[in-house]
Amino acid sequence: MDIDDIQENLRTFARERNWERYHNPKNLAMALSVEASELLEIFQWLSPAESDSVVQSERGRIEVEDELADIGIYLLRLADVLGVELETAIENKIEKNATKYPPGDATPRSVRGK
Ligand SMILES: [Mg+2]
């Protein structure tokens, strides 16, 4: 299933439940942020090593997969409602990042100071 197919499925899902009236950019952006926070909650208070092992258990993997899916669903729905071609936007942003962060300059700005 590609992005267009998923967005069509999500459009149909919303239409069949009369949820389109709720799917405005503000609500979808808020929902996206909530789902990202739910993903953060899984890792909250864990050490980096513990966070690496969350997906080693079936329960942890399922929790992470569900939250990543929720994030993806709201991201795709928001892009659809806004008429943003997500694949193109991502490709453009990767190009911008490649210019902003040239190879060999791997230390994040927040670590090396401004
Ligand atoms: Mg969720």
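Remember, it's a predicted structure, so these values are computed and weren't measured experimentally. We count ligands from 1, going down the list as the structure has it; atoms in each ligand are counted the same way. Numbering of residues begins at 1 and proceeds along the displayed sequence.
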Donor-acceptor contact below 3.5 Å, side chain [X] vs main chain [Y]:
X	Y	answer
S33	A29	no
E20	A14	no
S53	Q56	no

Open item on the list: Strictly below 4.0 Å, N to O, side chains only: are R11 and E8 in salt-bridge contact?
Closed with: yes
TODO: Determine which of the N, O or S atoms in E67 is closest to the Mg ion (ligand 1) and give its atom name.
DONE: OE1
- [ ] Using only N, O or S atoms, tell me which atom of E38 is closest to the Mg ion (ligand 1).
- [x] OE1
Open item on the list: Need one value: angle at the Mg ion (ligand 1), D70 atom OD2 versus E35 atom OE1, rounded to 10 degrees.
Closed with: 90°
